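Have a look at the structure below before the remarks.
These figures come from a predicted structure and were not determined experimentally.
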Amino acid sequence: FDGASYESFLRFQTLHALRRIYQLSARARLRAIPSLHTCYDFLHSIGPMHSDELLDTDEPLYQDEPPVFNPALYPRAYKPSIGYLLLLGTVGMLCAAGGTAGMYYFGTGHEMTSMRSQVALVVLCFLFLLLGTYLIAAVLTSRLILGPDFFQVKDFLSSKLLRRSDIAGYRILPTQYISTLVFQAKAAEQKKLKIPLYFRTDAAFRQWFMGIPNLDQEELGRSMVELEAVVARESPGVDATEERIAAAYRTAKALNWATGIATMWAWFYPRPYPLAMLAAGVLPIIVIVLLARSHGVYQVEGRRNDARPSLAFAFIFPGCALAHRAIQDLHFLEWKPLVLATLALAALLTIFLAQSDPHFHNRAAAAISIFFLGSMYCYGAIAHFDVLADRSSPTTYQTQVLAKRADNGRTTTYYLQVAPWGSRHDSDEIEVSRALYLAITPGQPVSIRLYSGALHLPWFSVSQVAASPAGR
């Protein structure tokens, strides 16, 4: 072959090998759990006329010639797979049945107090009926049609067509249940074409994409080249570069494992409390130091096609655990100073991370995300440091419990309503532990100890009057 053809052939064989490795590893993981393997095969089941044997063979697809697009295989039409047909059809029938039952139940006046609420609930149930009807009709009439020079997806309401010559590239957006195929058009004014991947496909379907750029692979390839260039500046030589990249991946993996353990510890069973909060608080600091010192080797945004090791998990989840525990366990006299300190520190953290990561600039969405996630960490860190590092002597107040209530949501939260105390001139509802809630009855006194705080953010604790001050 000429140089271009041979290069194309090698590229295709490489991609085929990677696909085979991915398929075999995925199936090996699924076979370890028989139920998952059964679900995988069922949802992606194919008929006898759509055999997948061509891609399951260990022999190369093309022995003596480079791969070329064969327009004689088209047009071809594809229906939804049996698994997704049953899944989406069942969901549609449940929505339609529930909507119909609700329209009858509320329409005949059951549990209705006014005509307005009756009309509102009947209309809501009717919308569920329409949704269920649409799901059933859409999944039954959905067709994906491949022609020699076009890609078309249609159902009973709409039809979308894109010419093969107008496609700039494609990518696949993974989701929890149904992945989405996205075509990027060459013309800027033309909208992207998005297709849910619940169709039964075959080898001809995959061959249709031959010669169309895979945008995910291109972005990942460019990212890997950039990563190698960043590492090579400080570690010249191929072996040194590869070793440092491998070390970075090992570091990220170790941090992710430590993050999972520390987050579960802090969130569900923080005993001893100071040590659990310290473990959760230190991990984001390690992430910040690594980002600052690596000059672009790591990333914290969790971008899908970024080859750099991601520290997003270690940055996000410990901050969530700290903020959760601060909201659940700590009581501050005034919230405004704490919120202002949190926003100021989060803004500084966002600016610092933007300066540390050369890929971070000119992305407003990334900056907003980092600011929001950093705010949770800053809030939890400031609140816990103010309380756990406080060595001030408390001022003790006694007040009466006026009422108590339990809020039963996903988790049960307990509250005591207390009479005015200290500088507070109105009754106040305070979240307390289950043990204190059960031990106190309305009319009993409680002891409130007010501390100045290590960062001068006053906080307080609530206990029974008979509790010892050393129980802080």
Side-chain angles (χ1 to χ4, degrees), residues 266-278 280-281 319-345 375-472:
W267 193 288
F268 295 106
Y269 192 76
R271 301 289 185 272
Y273 195 89
L275 190 58
M277 297 305 106
L278 178 63
C320 294
L322 282 176
H324 168 73
R325 291 262 60 104
I327 294 171
Q328 291 286 321
D329 305 333
L330 308 181
H331 307 289
F332 289 87
L333 190 64
E334 298 291 341
W335 290 99
K336 186 177 180 180
L338 177 58
V339 171
L340 292 176
T342 296
L343 295 178
L345 185 58
S375 295
M376 290 194 293
Y377 171 69
C378 293
Y379 174 83
I382 292 173
H384 280 98
F385 184 83
D386 182 70
V387 171
L388 298 178
D390 187 11
R391 296 296 177 265
S392 63
S393 299
T395 301
T396 304
Y397 301 90
Q398 285 192 10
T399 188
Q400 189 178 29
V401 176
L402 302 177
K404 69 176 187 177
R405 69 179 180 91
D407 186 5
N408 297 309
R410 288 187 176 181
T411 59
T412 303
T413 309
Y414 304 94
Y415 298 93
L416 295 180
Q417 185 177 3
V418 299
W421 61 274
S423 61
R424 298 198 171 185
H425 304 296
D426 299 317
S427 61
D428 187 22
E429 192 173 61
I430 303 172
E431 183 179 341
V432 297
S433 65
R434 182 176 183 273
L436 182 60
Y437 176 85
L438 295 176
I440 296 294
T441 58
Q444 281 188 309
V446 289
S447 176
I448 298 180
R449 292 190 294 275
L450 178 64
Y451 300 84
S452 60
L455 299 175
H456 303 290
L457 300 171
W459 62 281
F460 62 90
S461 63
V462 184
S463 63
Q464 292 179 270
V465 170
S468 170
R472 168 188 163 190

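Around atom CZ of Arg405, more than 12 heavy atoms belonging to other residues, nucleotides or ligands sit under 6.0 Å away. Atom OH of Tyr437 has more than 12 neighbouring heavy atoms from other residues, nucleotides or ligands inside a 6.0 Å radius.
The main-chain N or O of Gly443 is found under 3.5 Å from a side-chain atom of Gln400 such that the two form a donor-acceptor pair. Panel note: side chain Tyr377, backbone Gly281; a donor-acceptor pair is recorded below 3.5 Å. In this structure, Asp386 contributes its side chain and Leu455 its backbone to a donor-acceptor pair below 3.5 Å.
Distance CG/Leu338 to SG/Cys378: 11.0 Å, rounded to 0.5 Å. Between Leu340 atom CG and Glu334 atom CD the span is 11.5 Å, to the nearest 0.5 Å. Interatomic distance, CD of Gln444 versus CG of Leu402, reported as 13.0 Å (0.5 Å rounding). Taking CE of Met376 as the start and CG of Leu322 as the end, the distance is 10.5 Å to the nearest 0.5 Å. Summarising the geometry, atom OG1 belonging to Thr395 is positioned 5.0 Å from atom OH belonging to Tyr397; distances are rounded to the nearest 0.5 Å. Here Glu431 contributes atom CD and Thr413 contributes atom OG1; the two are 5.0 Å apart, rounded to the nearest 0.5 Å.
Across Thr399, Ile430, Val432, a single residue satisfies side chain to side chain contact (heavy atoms under 4.5 Å, CB included) together with Val446, and that is Thr399.
Phe332 has its side chain out of reach of Pro337: every pair of non-hydrogen atoms, C-beta onward, lies at least 4.5 Å apart. Within the 4.5 Å cutoff, the side chain of Trp459 has no heavy atoms near those of the Leu330 side chain.
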Tyr414 and Leu438: side chain to side chain contact (heavy atoms under 4.5 Å, CB included), yes or no, with the steps?
CA-CA 9 Å; Tyr414 304 94; Leu438 295 176; 5.7 Å; no
Assess whether side chain to side chain donor-acceptor pair (under 3.5 Å) is satisfied between Arg449 and Ser463, documenting all intermediate values.
CA-CA 8 Å; Arg449 292 190 294 275; Ser463 63; 3.2 Å; yes
What verdict does the side chain to side chain contact (heavy atoms under 4.5 Å, CB included) test give for Ile382 and Leu457, after you've listed the backbone C-alpha separation in whole Å, the side-chain angles of each residue and the deciding distance to 0.1 Å?
CA-CA 9 Å; Ile382 292 173; Leu457 300 171; 3.8 Å; yes
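Residue Ile440 comes nearest to Lys404 through the heavy atom pair O-NZ, 2.9 Å, listed as atom of the first residue, atom of the second, then distance. Listed here is the closest heavy atom pair of Ser452 and Asp390: N-OD2, 4.0 Å.
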May I have the list of side-chain donor-acceptor pairs in residues 266-278 shorter than 3.5 Å, sequence neighbours left out?
| residue | atom | partner | partner atom | Å |
| --- | --- | --- | --- | --- |
| Tyr273 | OH | Asp329 | OD2 | 2.9 |
| Tyr273 | OH | His384 | NE2 | 2.9 |

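Every residue two or more places apart in sequence or in another chain was checked for a side chain to side chain donor-acceptor pair (under 3.5 Å) with Gln398, and none qualifies.
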